[in-house]
Student: 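Structure in structure tokens, see below.
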Amino acid sequence: CPLGFNPKDMLVECPCHGSRFTTDGQVQHAPALAAPPLYSVKVITDPTTGEALTLAIDTNACMVDVTLNFSDYPDLQVTGGSVVLNPPTVMCPVIVVRKSNTELDALDATCTHAGCTVAFSAGNGDLECPCHGSRYGLDGSVLAPPSTVPLRKLTATIDPTGTSFHILSM
Ligand code: FES
């Protein structure tokens, strides 16, 4: 069930069966046996005004280790196709691009400028952010501002039978 925050007790609570957790990831009340994953979140501010613009999951804390079937992602069955994987399949948005019959590219899809999710542009062969126009290469490098920090590249492999693929963060 989706958790909520109780500001009175400063605890995270499950409305379904009453489990409670501290904000640093400890079980405070059963029936939960283990706390949900803990994420590091950073506040991204406007460099000019200092105003908080958005919150973004710290990409260093976003671990990915998942095997998925191509049959569930038809867009990845053709070269030039792409998908964005979202939680709960992965901890943070991940963009996967079918580069060739035998190769995939996978990157953390969270724009390093202010946290929007980038999309693959088949026409340009790059990744583009819909919010302020940053562009990235499939190796994660910044091609166009305002972003100045590369996207994090992930390891993507296709299994020998060609039926599934594995995405792994370092
Ligand atoms: Fe600003 Fe991506 S969030 S360019």
Side-chain angles (χ1 to χ4, degrees), residues 1-5 7 12 21 23-25 35-70 72-100 102-158 164-170:
C1 299
L3 301 172
F5 180 64
V12 176
F21 310 92
T23 53
D24 63 355
L38 204 57
Y39 297 86
S40 173
V41 175
K42 60 187 172 189
V43 179
I44 297 175
T45 55
D46 184 312
T48 312
T49 65
E51 175 192 0
L53 294 175
T54 187
L55 300 175
I57 293 175
D58 186 335
T59 53
N60 292 324
C62 177
M63 305 305 290
V64 181
D65 185 359
V66 66
T67 299
L68 300 166
N69 292 320
F70 280 111
D72 295 325
Y73 300 94
D75 288 348
L76 286 181
Q77 293 175 18
V78 290
T79 298
S82 68
V83 297
V84 174
L85 308 173
N86 285 297
T89 304
V90 287
M91 283 176 66
C92 60
V94 168
I95 189 158
V96 187
V97 178
R98 186 76 184 240
K99 193 172 174 181
S100 71
T102 55
E103 292 173 294
L104 293 172
D105 281 314
L107 300 98
D108 186 326
T110 304
C111 180
T112 59
H113 175 237
C116 294
T117 299
V118 300
F120 178 60
S121 165
N124 294 327
D126 63 10
L127 303 171
E128 301 182 358
C129 180
C131 293
H132 312 101
S134 288
R135 292 174 43 232
Y136 303 88
L138 289 176
D139 61 355
S141 60
V142 177
L143 300 179
S147 177
T148 58
V149 178
L151 293 179
R152 189 171 56 126
K153 182 91 174 165
L154 307 175
T155 301
T157 52
I158 299 175
S164 65
F165 58 100
H166 184 219
I167 310 291
L168 180 69
S169 57
M170 298 300 174

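Just follow the structure's listing: the first ligand is 1, and inside any ligand the first atom is 1.
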Student: State the CG-CZ distance between L104 and F165, to the nearest 0.5 angstrom.
Tutor: 6.5 Å
Student: Can T112 and S147 be counted as having a side-chain donor-acceptor contact under 3.5 angstrom?
Tutor: yes
Student: With the threshold set at 4.0 Å, does a side-chain nitrogen-carboxylate oxygen contact exist between K153 and D108?
Tutor: no
Student: Taking R98 for the side chain and T79 for the main chain, is one N or O donor matched with an acceptor at less than 3.5 Å?
Tutor: no
Student: Using a cut-off of 2.8 Å, how many protein N, O or S atoms lie below it in distance from atom 2 (Fe) of ligand 1?
Tutor: 2
Student: In terms of ring plane angle, is the pair H132 and H113 parallel, tilted or perpendicular, where the classes change at 30° and 60°?
Tutor: perpendicular
Student: For the cysteine pair C111/C129, does the gap between the two SG atoms stay under 2.5 Å?
Tutor: no
